[in-house]
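First the structure, in the form of structure tokens, and then the observations on it.
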Amino acid sequence: MLTHKTKVDGQDVEIHVVQTEDDLDMFSEFIASNIGQLSVDSETTGLDIYSSRFKIRLVQFGHATEAWVVPVELGGAFEDIVIWALLTVKKLILQNAAYDLQVFDQTLGVKQEELWPKVTDTKILAHLIDPRPLRDGGVGHSLVDLTRFHIDAEIADNVKGLMKKLAHDEGSTVANIWKKVALDNEDYTLYAGMDVILTSRLLRKLKPLVPADSKKLVRYEHEVAEVCSYMVRTGFLLDVPYSEQLSQDLKYEEQAAAKIAFDFGCESVNSPIEVHKVLDAYGVKVTAETPTGKPKIDDDLLRKLAAEGSEFAQAVVDAKKAGKWRKTWVDTFIKTADSERRCHASINPLAARTARMSITGIPAQTLPAGDSKIRKCFLAEPGHSIVSVDYQAQELRVLAHLSGDRNMIKAFADGEDLHLITARAAFGEHVQKGDKERDIGKVVNFARVYGGGAAVVAKQTGIDLVTAKKVVDGFDKAFPEVKVYSSELQKEGLRKGFITTPTGRRVPVDPAKSYAALNYIVQSTARDVTAAALLRLHEAKVTPFLRLPIHDEVLLSVPTERADAAAAKVAEIMTVKMGKVTLEAEGKVGGNSWGSLYEEEKE
DNA sequence: CAGGTTAGCACC
DNA sequence: AAACGGTGCTAACCTG
């Protein structure tokens with residue numbers, strides 16, 4: 001057995017590294033004498049839990065002054081004892097539990113279901129204390145960032161530097177070192193052991209910092225994380241032959257368009273500098289600028305030029321689009337699919353400042369919605385249909401409730417068309433459903449939720465600034481209490497530096513952007529409506545059918561013969577009353593692919 | 001040259 | 001008086 005002795009925050013700490021089976025007796029004594037609570041972490045070959053090459057290497061247990069590192073990669077007794085320890089310790093502390101619990105599930109066969117009820121996740125606590133990432137003025141949520149702020153900056157840098165140094169020593173990179181490094185490497189085991197010691201210390205520091213209002217969110221967020229983690233484990237079935245064909249078709253499209261652009265003298269369509277060079281040579285003046293003052297070459301400009309007959313601009317648009325669709329979507333799906341053709345998107349249930357979720361790996365929140373091509377890559381299970389259940393005008397209904405605006409509440413209660421109301425307040429009572437004035441009303445309704453004004457509306461709709469102002473005023477006239485509520489909220493944000501949502505969540509408000517307070521509370525409350533719905537669906541045993549949450553929507557795969565009934569049932573479970581406003585969910589039943597819900601957009 | 005930043009584009 | 005909120009990913013570009 002190897003023992004590292006070092007100091008954290010001025011205190012002596014010991015990290016014991018199990019090397020032979022003889023060391024396991026002492027390890028199990030450590031577990032037995034700390035059976036109430038320990039922090040846990042694992043080291044693995046990478047982050048691709050569901051790939052066939054993925055392996056677990058080390059598992060670490062520890063408290064504030066002592067850690068044990070077990071080389072589970074060796075299997076046998078090392079693996080057995082770790083499984084026993086995971087199941088035996090009564091409370092487990094982890095930093096980003098969803099990751100390690102999926103690792104244990106996949107590699108050791110310890111089901112997540114066994115462990116979630118006894119987990120405390122320091123990352124969840126950190127987010128409830130301050131949801132901002134480093135770049136937005138927060139302290140970050142990674143173990144290193146949290147250690148730097150709450151424990152000791154030097155230790156944080158040392159730990160971070162350890163793997164960097166190791167990668168350098170071995171002639172590798174930080175991303176690749178994890179699978180290569182020797183299991184008993186001293187830097188590696190020191191790093192591994194330090195992680196659990198720091199996690200234990202973090203829990204102590206973070207617990208008292210969770211605001212009193214947010215305390216009730218602690219359990220709730222662990223449960224949301226749990227349900228999301230099950231969805232990730234299930235994965236989404238990929239139509240591999242279709243995806244491969246689509247990838248080829250897109251590649252062909254991209255190359256054909258890029259060839260045309262090349263013949264105009266543009267070597268790379270993705271380089272704004274290159275594209276500008278060609279446009280400039282043809283006498284096109286670009287007036288719009290990027291934030292750093294360079295000519296702005298975007299889709300808006302290129303489409304305008306294409307519409308005026310520019311073959312070059314059209315080619316650039318086509319090549320860029322085909323390239324993005326292939327590289328960002330289709331090829332990523334094919335690459336990440338496991339041996340059973342399933343894609344496991346990774347869901348971060350608590351991501352944004354507002355607590356909105358984010359989905360990475362397969363960026364499922366951002367697949368093109370105007371064309372079914374990309375979403376057709378994903379399939380319901382054999383014999384199943386895709387079902388989507390989404391909240392109707394979720395954020396506007398949340399706004400109606402929060403602001404208490406009588407007109408808005410009444411409009412929703414009577415089933416009236418909110419976009420029409422805004423349009424009529426601006427343009428007069430003659431506006432009808434199909435009119436373009438109603439579309440402008442819709443843009444204004446959303447812009448108001450986002451904190452946008454007349455300039456934004458003008459740009460988005462193409463109408464002039466004066467008319468845009470008129471419609472924005474129309475909104476304020478139609479729903480006067482929204483403005484009152486917004487300014488009260490701004491004041492609160494400026495006074496306290498944060499606002500508190502109805503669930504008790506603190507959302508920091510930047511003094512230079514106090515107008516964003518309204519959007520924050522609406523977005524965050526809407527997120528909690530969907531998150532709470534996930535918990536009710538889990539309670540109702542729907543989880544095995546869930547595929548993904550997408551903001552105001554939940555996506556499922558359900559047996560085809562029961563699809564209509566299931567969609568109705570899920571909608572019923574999701575629908576909820578908020579004061580005088582009903583947050584109504586509506587189910588849609590599709591065919592075998594996700595894309596089937598996006599075909600032949602009518603109207 | 002790895003890793004960070006910028007620009008652009010996909011969504012709610 | 002006005003104020004566009006939140007995300008992820010890629011290629012190109014920049015920097016230590």
Side-chain angles (χ1 to χ4, degrees), chain A residues 131-133 135-136 164 167-168 172-176 267-276 288-303 316-317 319-321 323-329 331-332 345-348 351-371 374-375 390-391 393-396 399 443-444 446-460 465 468-469 472-473 476 483 486-487 490 507 509-510 512-524 526-527 530 548-553 598:
Chain A
R132 295 170 299 174
R135 62 173 185 282
D136 288 341
K164 221 171 172 170
H168 188 259
S172 183
T173 63
V174 177
N176 289 322
E267 293 202 25
S268 171
V269 294
N270 287 314
S271 165
I273 297 168
E274 281 274 312
V275 175
H276 179 247
E289 286 183 357
T290 68
T292 53
K294 286 174 215 146
K296 192 170 173 66
I297 310 291
D298 62 4
D299 207 46
D300 274 356
L301 171 75
L302 292 169
R303 277 182 192 283
V316 173
V317 168
K320 280 172 79 168
K321 184 174 167 180
K324 179 173 172 74
W325 284 31
R326 180 172 66 85
K327 283 173 282 208
T328 306
W329 320 126
D331 284 359
T332 315
S346 131
I347 303 172
N348 178 355
R353 173 192 296 239
T354 57
R356 254 199 183 186
M357 301 183 185
S358 82
I359 303 184
T360 54
I362 50 172
Q365 290 168 324
T366 59
L367 306 194
D371 188 320
I374 301 292
R375 289 176 201 241
D390 68 339
Y391 284 102
Q394 190 191 38
E395 292 200 336
L396 282 169
L399 175 62
V443 171
V444 172
F446 282 114
R448 286 321 254 170
V449 176
Y450 291 156
V456 170
V457 173
K459 193 174 185 314
Q460 241 178 55
L465 199 61
K469 220 167 154 20
V472 170
D473 289 344
D476 295 341
K483 207 173 179 174
S486 176
S487 63
Q490 281 191 54
V507 185
V509 175
D510 184 343
K513 271 168 89 171
S514 68
Y515 63 86
L518 180 74
N519 177 258
Y520 289 164
I521 203 162
V522 169
Q523 190 181 104
S524 190
R527 179 274 186 189
T530 306
L548 290 169
I550 302 176
H551 302 308
D552 61 345
E553 174 191 6
Y598 290 77

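Every chain is numbered from 1, with letters handed out A, B, ... down the list of sequences. Excluded from the calculations below are hydrogen atoms, water molecules and symmetry mates; all remaining heavy atoms, backbone and side chain alike, are included. Small disclaimer: the values here were computed from a predicted structure and weren't measured.
Toward the 5' end of DNA chain C, the nearer of the two residues Arg135(A) and Ile273(A), judged by each one's closest nucleotide, is Arg135(A). Nearest-nucleotide positions on DNA chain C for Pro133(A) and Glu274(A) put Pro133(A) closer to the 5' end.
Expressed to the nearest 0.5 Å, how far CD1 of Ile347(A) lies from CD of Gln365(A) amounts to 9.0 Å. In this structure, CG on Leu302(A) lies 6.0 Å from NZ on Lys320(A), to the nearest 0.5 angstrom. Atom NE2 in His276(A) sits 13.5 Å away from atom NZ in Lys296(A) (nearest 0.5 Å).
Using a 4.0 Å heavy-atom cutoff across all strands shown, Arg353(A) reaches sugar-phosphate atoms only and no base atom. Within 4.0 Å (heavy atoms only), Ser268(A) reaches sugar-phosphate atoms of the nucleic acid but no base atom. Among the atoms of the strands shown, only primed sugar atoms or phosphate atoms (P, OP1, OP2) are found under 4.0 Å from some heavy atom of Ala454(A). No engagement by Lys459(A) is indicated, since no non-hydrogen atom pair under 4.0 Å with the nucleic acid exists. Nucleic acid contact for Phe446(A): none, since no nucleic acid atom lies under 4.0 Å from a heavy atom of the residue. Using a 4.0 Å heavy-atom criterion, one finds that Thr360(A) contacts the sugar-phosphate atoms exclusively. Within the 4.0 angstrom heavy-atom criterion, no nucleotide atom of any strand lies near Ile374(A). Gln490(A) comes within 4.0 angstrom of a nucleotide base, judged by non-hydrogen atoms across all strands. In this structure, Ala455(A) reaches the sugar-phosphate backbone alone: every heavy-atom distance under 4.0 Å involves primed, P, OP1 or OP2 atoms, never a base. Note on Ala352(A): only backbone sugar-phosphate atoms sit closer than 4.0 angstrom, heavy atoms only; bases stay farther off.
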Indicate for each nucleotide in nucleotides 3-12 of chain B, in 5' to 3' sequence, whether protein heavy atoms under 4.0 Å reach the base (B), only the sugar-phosphate (S), or nothing (-).
S--SSBBBBB
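Remark: side-chain polar atoms of Asp473(A) are not paired, donor with acceptor, to backbone N or O of Asp476(A) under 3.5 angstrom. Side chain of Ser524(A) to backbone of Thr354(A): a donor-acceptor contact under 3.5 angstrom is found.
Every residue two or more places apart in sequence or in another chain that forms a side-chain contact (heavy atoms from CB on, under 4.5 Å) with Asn348(A) is listed here: Lys123(A), Leu350(A), Ala351(A), Ser358(A). Annotation: salt bridge (Lys or Arg N to Asp or Glu O under 4.0 Å) contacts of Lys513(A) (sequence neighbours excluded): none. In this structure Lys327(A) satisfies the salt bridge (Lys or Arg N to Asp or Glu O under 4.0 Å) test together with Glu254(A), sequence neighbours excluded.
For DNA chain C, the span of nucleotides reached by chain A at under 4.0 Å from its heavy atoms goes, 5' to 3', from dA2(C) to dC13(C).
Here salt bridge (charged side-chain N to carboxylate O under 4.0 Å, His left out) pairs that include residues 353-362 of chain A, with residues two or more places apart or in two chains, are Arg356(A)-Glu395(A).
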